[in-house]
Amino acid sequence: MASAKPRVKVPKSAAAGEVITIKTLISHKMESGQRKDKDGNVIPRSIINKFTCEFNGQPVFTCDLEPAISANPFFEFSAKVTESGTFKFTWNDDDGSVYETSADIKVE
Amino acid sequence: MTATVTRRSVLTLGAAAFVTGIVGLPARPAWSAEIADTIKEFTGGAEPQTGRVSIDAPEIAENGNTVPIGISIESPMTSDDYVADVIILAAGNPNPGVATFHFSPMSGEATAQTRMRLAKTQDIVAIAKMSDGSFYMDKRTVKVTIGGCGG
């Protein structure tokens, strides 16, 4: 699933101390390990198991995902920004792949 | 063998099962042993209080493959008083675990939304662990028209 494409929505600027809303989406089939193929064999589990959001190296929001999370995992959460900096987003796949993206924010 | 199974013994058995069923019910939690164990593991045996946590989920979900769920917890979210972890459980799924959110004082507000799969109509449970070690929970029933386990 090397084709997983992360997308994030972070405001470009904010006032100091403002609580902003961040939305993230990544394309991933999130195979639950519960489904069977036509021959009755269980399709092995293949999911993203961890999502992390950091701001200037400090953890903001982390989530441990279970197979019950829908395909193309979506998250919406908030963050309090006190200074300009960079949000770093990381998704960890069951197969060991790591998908990353980042977004800058300017505090005025 | 045939001689022992009389009409009377069958009736007695049935009545006994019925009575245990009625008597047993109030003592039993509304969910299975597996989910009770998961809750116990998360809280370390502490009994979660109700309040502060609220689950925002549709009353009726047409498609169990993507059910939006939002969690919000009342908290000042300062460095000494914040929501640390929130566990979301679906009591009627093959595996009750849905997700665990980890917040920090930098979250600003303890709110998060995601989308989950639900196999059938069931209860959703959210338990929040505060930074002071107390636990709060909320429960919400979601009706599912088409299950999302693709079996």
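Just so it is clear, the structure is predicted and the values come from calculations on it, not from any experiment. Naming: A, B, ... by sequence-line order, numbering from 1 per chain.
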Nearest heavy atoms of [X] and [Y], plus distance in Å:
{"X": "Ser70(A)", "Y": "Val67(B)", "result": "OG-N, 4.3 Å"}
{"X": "Val19(A)", "Y": "Ser107(B)", "result": "CG1-O, 4.3 Å"}
{"X": "Thr114(B)", "Y": "Phe74(A)", "result": "OG1-O, 2.8 Å"}

How long is the straight-line distance from [atom2] of [Y] back to [atom1] of [X], given to the nearest 0.5 Å?
{"X": "Ile69(A)", "Y": "Arg115(B)", "atom1": "CD1", "atom2": "CZ", "value": "11.0 Å"}
{"X": "Ile71(B)", "Y": "Phe77(A)", "atom1": "CD1", "atom2": "CZ", "value": "15.5 Å"}
{"X": "Glu66(A)", "Y": "Ile88(B)", "atom1": "CD", "atom2": "CD1", "value": "10.5 Å"}
{"X": "Cys53(A)", "Y": "His102(B)", "atom1": "SG", "atom2": "NE2", "value": "13.5 Å"}

Should [X] and [Y] be counted in the same cluster of Ile, Leu, Val, Met, Phe, Trp and Tyr side chains packed under 4.5 Å apart?
{"X": "Ile146(B)", "Y": "Val142(B)", "answer": "no"}
{"X": "Val8(A)", "Y": "Phe75(A)", "answer": "yes"}
{"X": "Ile20(A)", "Y": "Leu25(A)", "answer": "no"}
{"X": "Leu65(A)", "Y": "Ile55(B)", "answer": "yes"}

Please check if atom [atom1] in [X] has more than 12 non-hydrogen atoms from other residues, nucleotides or ligands closer than 6.0 Å.
{"X": "Glu62(B)", "atom1": "CD", "value": "no"}
{"X": "Arg45(A)", "atom1": "CZ", "value": "yes"}
{"X": "Glu108(A)", "atom1": "CD", "value": "yes"}
{"X": "Lys50(A)", "atom1": "NZ", "value": "yes"}
{"X": "Glu59(B)", "atom1": "CD", "value": "no"}

Hey, are the side chains of Met30(A) and Arg117(B) touching, using non-hydrogen atoms and a 4.5 Å cut-off?
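Touching, per the 4.5 Å side-chain cut-off.
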Using a 4.5 Å heavy-atom cutoff, which residues in residues 54-64 of chain A come close to chain B?
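Interface residues of residues 54-64 of chain A: Phe55(A), Gln58(A), Pro59(A), Val60(A), Phe61(A), Thr62(A), Cys63(A), Asp64(A).
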